[in-house]
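Following: one structure in structure tokens, then a few remarks.
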There are 4 protein chains.
Amino acid sequence: MPDHTIQQSLIADQRISDPRSARGRLLTSAARLFREQGYERTTVRDLASDVGIQSGSLFHHFRSKEDILKAVMEETIILNTEIMRAALARAETVRDKLRSLIACELESINGQTGEAMAVLVFEWRSLSDASRAEILKLRDVYEALWMEVLSALEEEGRLKADPFVTRRMLTGALSWTITWYRPGGSMSLEDLTGEIMGMLGL
Amino acid sequence: MPDHTIQQSLIADQRISDPRSARGRLLTSAARLFREQGYERTTVRDLASDVGIQSGSLFHHFRSKEDILKAVMEETIILNTEIMRAALARAETVRDKLRSLIACELESINGQTGEAMAVLVFEWRSLSDASRAEILKLRDVYEALWMEVLSALEEEGRLKADPFVTRRMLTGALSWTITWYRPGGSMSLEDLTGEIMGMLGL
Amino acid sequence: MPDHTIQQSLIADQRISDPRSARGRLLTSAARLFREQGYERTTVRDLASDVGIQSGSLFHHFRSKEDILKAVMEETIILNTEIMRAALARAETVRDKLRSLIACELESINGQTGEAMAVLVFEWRSLSDASRAEILKLRDVYEALWMEVLSALEEEGRLKADPFVTRRMLTGALSWTITWYRPGGSMSLEDLTGEIMGMLGL
Amino acid sequence: MPDHTIQQSLIADQRISDPRSARGRLLTSAARLFREQGYERTTVRDLASDVGIQSGSLFHHFRSKEDILKAVMEETIILNTEIMRAALARAETVRDKLRSLIACELESINGQTGEAMAVLVFEWRSLSDASRAEILKLRDVYEALWMEVLSALEEEGRLKADPFVTRRMLTGALSWTITWYRPGGSMSLEDLTGEIMGMLGL
DNA sequence: AATGAATGAGGGTTCATTCAT
DNA sequence: CATGAATGAACCCTCATTCAT
């Protein structure tokens, strides 16, 4: 099942917004603006004018500015979790599963959902405690997929470091790619995935 | 030359502030508050009351709020660059030099200057273009120390991946430790340094 | 002619709304909400949801929010004026007429139209000048009924104070009952009417 | 002790604001504007321009707009309670005490604090629950002064109606004078007080 | 009539910065 | 140097009203 189909199915289930809907276009704009300028420095007027509506109209779609931030994070985690789950299902060996995880995460960070993923990392403190708790639940599901594979790999004796530490290192290293990796350059995401597998000795 | 002495000498040269001076205490508070709440969500009143003065008095020490942010970043880079330079001088082999770099960076992120380092990473977008350019110059000096060692290591044929990519991965992985590593737990920074050297196959 | 029949006849003449019509139900809701929360703090959405329609649909029944306020006031004065006129016709002596006026006004304030009457008193300043002028005309008719009786009583030498002052005192005292009198308690409106007549020495 | 001296002493005790201070002038303006236009229709910009400052400067003196409303009510009750207490001390017979209460309340409603007293009556619903509770405590003290005198009068057998009902009637009748009584006309407040005593048969 | 998305002016409030004292 | 009242622009959000469907 290709990523596009997964997205369609999540839209049908109303777990994420249709990117062509008013709400969806708003979230796309928000992800970009929050990523470029930061959540606090982005005004609701910036956001409204970016999607071509008046600032008051935002509040027909979201109860508050923070609600928009939460939705950006929520929808990107939901989508990427499902994409990753599908990729894991296609992989056969545990090693392949890890490669899939790395490839998916790199794609999520440097592809279509890159801006939203950066927001997830950099605007974490702008969430209210209540919203943070909700997002953490989704994040736990996502992280569980990683830990399952890393633990299996450790049991096979093929992981040099502690799975927990390894995941932390990978999280940092992969999310940091947003600051320097440029798709379309001499190195493809495929290449990068290989390089990282190499560093892990796999 | 111990770190403490390096600091003394930088203070004497007026390249960084004495932490006991009004300016120094202000920067320490700012680093902590900016790290905890974010730069935008920290008001100058928060800052002033944290050091026990009135908000108007801040502006006798700094021209603007952004000036405080810039100073936090500036001074932490200057200090850590010098500490790293001294550590490199003490190391004999290239491999030892790399270990020193990793150890220093981990220490800078998780030790005394941790809050300021986190600010450097997470509040980057709050800098004006002019300030950003100034900080970038200092950062280039710092990064040059890293690249020199990684290139030497590559020439020795002991580095598996591209030095540039390796540094990027390390930057992400090391800076991310701020979000999960807890000093005083079962793993010392020494242990962590070793684990990372291991991952690099060194 | 009982009050109910007076109401029917005013509805037939289209001087007030049928309480079962959309417009009538809206005015009943409006009176209650304006009284409980105040006119300014009541939104048209509150009002619409209270009658089970969408806010946009309100404007098929009334030109503006203020128009609703005006109608609440207008219809309650018209109704109570006619009820009072009928009561006066039934009373024989001048003293009985005064008792009827007091009883009617107490009933209007603490009975079915109580909410609307409270709105009339407390939301006066929310009317535009134009609306205020219209309501004042109706109020003059209502007040003329009172002054006629009080003047007659003075001519009979049975009123201790000036009719004008007496009416003002009664207006204040009677309208204030809305804040403390509870129907169904130990004192009936009949009792209260008697008590007030007593205070006037009648 | 003249009213002016009572005010001075309350200012010295910081129970009310000096009318010449920034805070005091603000409260005077607020009372007038809230009375003329209503609390909700008065914007903080109206208020600020009325005292000749910028809207943001209001918030150096009061935490919120509602805080201003609360202060208007609070200070006027405190002042009038003390003025009334002093007047009671000067009166000798119970009948004189009641006359003093009526005279004081008429003065409070139609004199210097008239606007604030009107706000107290008409803007009650604009207070938050918390503020309302605070004001109610002060109001209870004020009302206790009334009930004490009315109860004493009843024991002397000189009060025709129930003290509770009498007070309610008087509250309504006296507060309503704000809507029609004009000082400087043919009837003085002294005259009006006499007229009311007469109505009560005293 | 009814809908409900959109409007856009205006609301209360915040906050970095200034400056007379 | 320190104060703290004052500034004024900008912020998020509300809401009566409109209008295409």
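Side-chain atoms are counted along with the backbone in the values below, which use heavy atoms only and exclude waters and symmetry mates. A quick note: this is a predicted structure, and the numbers were derived from the prediction, not measured. Per chain, numbering begins at 1; letters A, B, ... match sequence-line order.
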OP1 or OP2 of E/dA1 less than 4.0 angstrom from a side-chain nitrogen or oxygen of C/Ser57, does that happen here?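 Answer is no, no contact under 4.0 Å.
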
So, does B/Ser64 get its side chain near the phosphate of E/dA16, meaning an N or O under 4.0 Å from OP1 or OP2? no

Tell me which of C/Val44 and D/Arg45 sits closer to the 5' end of DNA chain F, going by the nucleotide each one is nearest to.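 Checking each residue's closest nucleotide, the 5'-ward one belongs to D/Arg45.
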
Pick the nucleotide of DNA chain F nearest each of B/Ala22 and D/His60; which residue has the one closer to the 5' end?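 Result: B/Ala22.
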
Can you tell me the distance, in whole Å, between the [atom1] atom of [X] and the [atom2] atom of [N]?
| X | N | atom1 | atom2 | result |
| --- | --- | --- | --- | --- |
| D/Asp46 | E/dG12 | CG | P | 8 Å |
| D/Gln54 | E/dT13 | CD | C1' | 15 Å |
| C/Arg41 | E/dG11 | CZ | P | 16 Å |
| D/Glu66 | E/dG12 | CD | C1' | 13 Å |
| C/Phe62 | E/dA2 | CZ | C1' | 16 Å |
| B/Leu33 | E/dA16 | CG | P | 12 Å |

[X] side-chain N/O to [Y] backbone N/O, donor-acceptor pair under 3.5 Å:
| X | Y | answer |
| --- | --- | --- |
| A/Thr42 | A/Gly38 | yes |
| A/Asp18 | A/Arg20 | yes |
| D/Ser128 | D/Ser131 | yes |
| A/Ser21 | A/Ser17 | no |
| A/Arg139 | A/Ile135 | no |
| D/Arg35 | D/Ala31 | no |

Outermost nucleotides of DNA chain F that come under 4.0 Å of a non-hydrogen atom of chain D: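 Here the contact window of chain D covers F/dA5 to F/dA10.
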
For DNA chain F, what dot-bracket results from Watson-Crick or G-U pairs at under 3.5 Å, with [ ] for crossers and | for inter-strand partners? .||||||||||||||||||||

Under 4.0 Å, heavy atoms only, any strand: does B/Ile53 hit a base, just the sugar-phosphate, or nothing? sugar-phosphate

Does B/Thr43 reach a base, just sugar-phosphate, or nothing at all? Heavy atoms under 4.0 Å. sugar-phosphate

Closest-nucleotide 5' rank along DNA chain E - winner of A/Gly52 and D/Phe59: A/Gly52

5' priority, DNA chain E, between B/Arg63 and A/His61 [closest heavy atom]: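 Comparing both residues, the 5'-ward one is A/His61.
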
Under the side chain to side chain contact (heavy atoms under 4.5 Å, CB included) criterion, do C/Arg125 and D/Phe122 qualify, and how do the steps go? CA-CA 10 Å; C/Arg125 288 163 313 178; D/Phe122 285 103; 3.9 Å; yes

Evaluate side chain to side chain contact (heavy atoms under 4.5 Å, CB included) for A/Glu75 paired with A/Arg23, printing each intermediate quantity in order. CA-CA 12 Å; A/Glu75 298 207 357; A/Arg23 187 185 157 99; 3.8 Å; yes

Within 45 degrees of the axis of the six-membered ring of A/Tyr39 and under 6.0 Å from its centre: does A/Lys65 put its NZ or CZ there? yes

